[in-house]
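A short write-up of the structure that comes next.
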Amino acid sequence: MAVTEPRIAIIGAGPAGLMLASILHHNDIPCVVFERDSSAIVRAQGGTLDIHEYSGQQALDAAGLLDQFRALMRQGGDTIKILTKDGTVLFDNSGESREEFETEIKGKFVKGRPEIDRPVLKDLLIASLPPNTIYWGSKVISITPVSDSKKWMLEIDNDSHPAPYDLVIGADGAWSHTRTFLTEQQPMYSGITALDVWLHGVDEAAPDVSKFVGLGNCFLFDKDRVLLFQRNGQGREGSARCYVCVKTNTPTPPSSAALLGLEDEGAEVDWADARTREVFVQRYFGDWNAEFKRMVLAMTGQPVLRPLYMLPVGLEWESRPGVTLVGDAAHLMTPFAGVGVNVALMDALELARGIINCVETGKTDGDALAVMLQQYETGMFARSRKETAKTEAAMHLQFQEGGAEKLTNMVRAAGPEPEDLTYE
Ligand SMILES: Cc1cc2nc3c(=O)[nH]c(=O)nc-3n(C[C@H](O)[C@H](O)[C@H](O)COP(=O)(O)OP(=O)(O)OC[C@H]3O[C@@H](n4cnc5c(N)ncnc54)[C@H](O)[C@@H]3O)c2cc1C
């Protein structure tokens with residue numbers, strides 16, 4: 001039978017918040033999730049996510065979702081090609097030589113870094129929750145401590161939720177409102193902006209692009225410029241995506257117009273116009289192999305500008321009873337080590353374990369919950385320090401001269417199950 005205490009509110013229905021809700025539900029512990037988006041599909045979700053054996057997959061297992069994940073992950077999605085800007089192939093495990101690197105399904109967990117499309121992962125998690133768990137279109141606008149207690153009140157922009165919560169968990173991403181109750185630290189611009197461009201129905205629309213991107217990832221590196229091609233979806237519905245990453249060397253991110261070098265920085269950018277795409281590609285990739293430029297030019301879907309922000313390595317705060325953070329809200333990082341979502345899912349797993357233990361031992365008063373949060377945060381700080389440091393090192397390596405060669409050596413050294421690369 002489901003317990004009624006503690007009352008738990010999760011703010012944000014991203015991977016971290018949904019994963020936490022799903023594990024709790026799997027253990028008969030109810031919670032509510034407030035999400036400002038009106039639905040799961042209202043916003044462009046972005047690309048594919050690699051779910052690691054020793055982190056993300058452990059969380060899915062704790063929610064009873066590992067088998068479903070295995071059925072939904074993309075076979076071959078973890079293949080990697082690494083090229084230099086002149087077309088030299090440094091690494092490719094997508095062809096005959098792939099045998100050695102094949103995604104291995106050994107026992108319960110999938111070896112390596114199997115990929116799943118972000119909307120597919122979110123749908124899986126949403127479907128695992130009972131109806132009325134997620135309040136869509138519900139932006140949390142204030143969180144207030146209840147005096148003489150360790151509880152918190154929430155104010156939602158479209159509704160009232162008058163009863164106080166014993167636990168408020170901020171899974172509200174990069175610009176977390178919940179974080180402001182714990183630390184003044186705001187995300188910093190990494191100096192890199194990605195233009196997220198894509199092409200729907202790539203197999204039919206552009207078979208050459210489809211072949212180039214392959215089943216998984218195709219990465220190209222040069223100083224201050226990186227192209228990260230990836231496949232999303234499958235078959236007729238499949239698309240190819242490229243994060244066109246530019247080191248802007250500016251203290252703040254540029255607008256789309258500024259990125260393209262337009263004089264009017266506020267001007268509307270018409271990406272459907274082939275000339276606009278050509279100006280952009282020529283501006284940043286003028287001396288790159290013509291083939292690669294053609295691949296980016298083929299991505300005609302309306303792009304999303306993604307300035308990349310990060311929180312400092314090793315961010316910590318003094319624990320407060322009744323409120324904590326999971327995922328990007330706690331340790332936002334750039335995507336260059338491909339670990340952000342895995343750390344987020346580990347947070348969800350570790351916090352869920354703490355809550356389950358409190359419930360099972362009947363220790364759900366404010367003091368016991370406060371101790372549990374402190375223990376969760378101690379573990380999370382240690383984990384996120386390691387992963388944010390790795391990510392920062394990966395970012396510097398990939399945007400430097402000779403970065404492609406260095407990354408290739410690391411991938412080779414890591415072998416067939418490259419879950420954990422060591423960046424120097
Ligand atoms: C371009 C790019 C590529 C990436 N690729 C990878 C990868 O390959 N592998 C990997 O491991 N990681 C990757 N990441 C990182 C990964 O996407 C994040 O770490 C992950 O999405 C974090 O999940 P989250 O649930 O913490 O936050 P989010 O996904 O940001 O979810 C937060 C949710 O909270 C909601 N919200 C915010 N404020 C409020 C509010 N006040 N009230 C209610 N709801 C609110 C938001 O609408 C959102 O739905 C990538 C990131 C980017 C930008």
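When a ligand or atom number is given, it counts from 1 through the structure's own listing order. Atom set for the values below is all heavy atoms of this structure, side chains included, hydrogens, waters and symmetry mates excluded.
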So is there a nitrogen or oxygen of [X] less than 3.5 Å from a nitrogen or oxygen in ligand 1?
X      : answer
Asp328 : yes
Gly327 : no
Gly17  : no

Problem - Validation row, ring centre Phe292 to ring centre Phe285 under 6.0 Å - result: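 Between Phe292 and Phe285, the centre distance exceeds or equals 6.0 Å.
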
Could you pull out, from [options], the option with a heavy atom nearest to [atom]?
atom                    : options                      : value
atom 9 (N) of ligand 1  : Leu308, Asp50, Val341        : Asp50
atom 36 (N) of ligand 1 : Arg36, Glu387, His52, Met333 : Arg36
atom 29 (O) of ligand 1 : Ser176, Gly173, Pro15        : Pro15

Using residues 300-307 as the side-chain source, report each donor-acceptor pair under 3.5 Å to any protein atom, sequence neighbours left out, with the distance given to one decimal.
from: Arg306; atom 1: NE; to: Asp196; atom 2: OD2; distance (Å): 2.8
from: Arg306; atom 1: NH2; to: Asp196; atom 2: OD2; distance (Å): 3.0

How far is [atom] from its nearest protein heavy atom, and which residue and atom name does that atom have?
atom                    : answer
atom 42 (N) of ligand 1 : Val140 N, 2.9 Å
atom 34 (O) of ligand 1 : Gly12 CA, 3.2 Å
atom 13 (C) of ligand 1 : Leu49 CD2, 3.7 Å
atom 25 (O) of ligand 1 : Ala16 N, 3.0 Å
atom 4 (C) of ligand 1  : Pro335 CB, 3.5 Å
atom 31 (O) of ligand 1 : Gly14 CA, 3.4 Å
atom 48 (C) of ligand 1 : Glu35 OE1, 3.5 Å

Problem - Side chain proximity check, Val42 to Trp136, heavy atoms < 4.5 angstrom - result: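 Contact flag for Val42/Trp136 side chains = no.
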
Practice task
Using a 4.5 Å cut-off on heavy atoms from C-beta on, say whether the side chain of Asn342 contacts that of Glu387.
Solution key: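 The answer is no; the side chains never approach within 4.5 Å.
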
Hey, which atoms in ligand 1 end up nearer than 4.0 Å to a heavy atom of [X]?
X      : answer
Gly338 : 9 (N), 10 (C), 11 (O)
Asn342 : 11 (O)
Asp172 : 32 (C), 34 (O), 36 (N), 37 (C), 38 (N), 39 (C)

Practice task
Could you walk me through whether Lys223 and Glu401 pass salt bridge (charged side-chain N to carboxylate O under 4.0 Å, His left out), step by step?
Solution key: CA-CA 5 Å; Lys223 187 168 179 345; Glu401 200 86 58; 5.9 Å; no

Check for me whether [X] has a heavy atom closer than 4.0 Å to any atom of ligand 1.
X      : value
Gly47  : no
Ala194 : no
Thr48  : yes

How long is the span from the [atom1] atom in [X] to the [atom2] atom in [Y], to the nearest 0.5 Å?
X      : Y      : atom1 : atom2 : answer
Leu308 : Met333 : CG    : CE    : 13.0 Å
Ile116 : Ile51  : CD1   : CD1   : 6.5 Å
Leu60  : Gln58  : CG    : CD    : 9.5 Å
Arg179 : Leu332 : CZ    : CG    : 7.0 Å

For residues 15-26, which side-chain N or O atoms pair as donor and acceptor with protein atoms under 3.5 Å away, sequence neighbours left out?
from: Ser22; atom 1: OG; to: Ser128; atom 2: OG; distance (Å): 2.7
from: His26; atom 1: ND1; to: Ala63; atom 2: O; distance (Å): 3.4

Side chain, backbone, both or neither: which applies to [X] and ligand 1 if a contact is any heavy-atom pair less than 4.0 Å apart?
X      : value
Ile11  : side chain
Ala171 : backbone
Ser138 : backbone
Trp175 : neither
Arg118 : side chain

Without swapping roles, check the side chain of [X] against the backbone of [Y] for a donor-acceptor pair under 3.5 Å.
X      : Y      : answer
Asp78  : Glu115 : no
Asp347 : Gly327 : yes
Asn289 : Glu291 : yes

Problem - Salt-bridge contact Glu316-Arg385 (side-chain N to carboxylate O under 4.0 Å) - result: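 Salt bridge: yes.
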
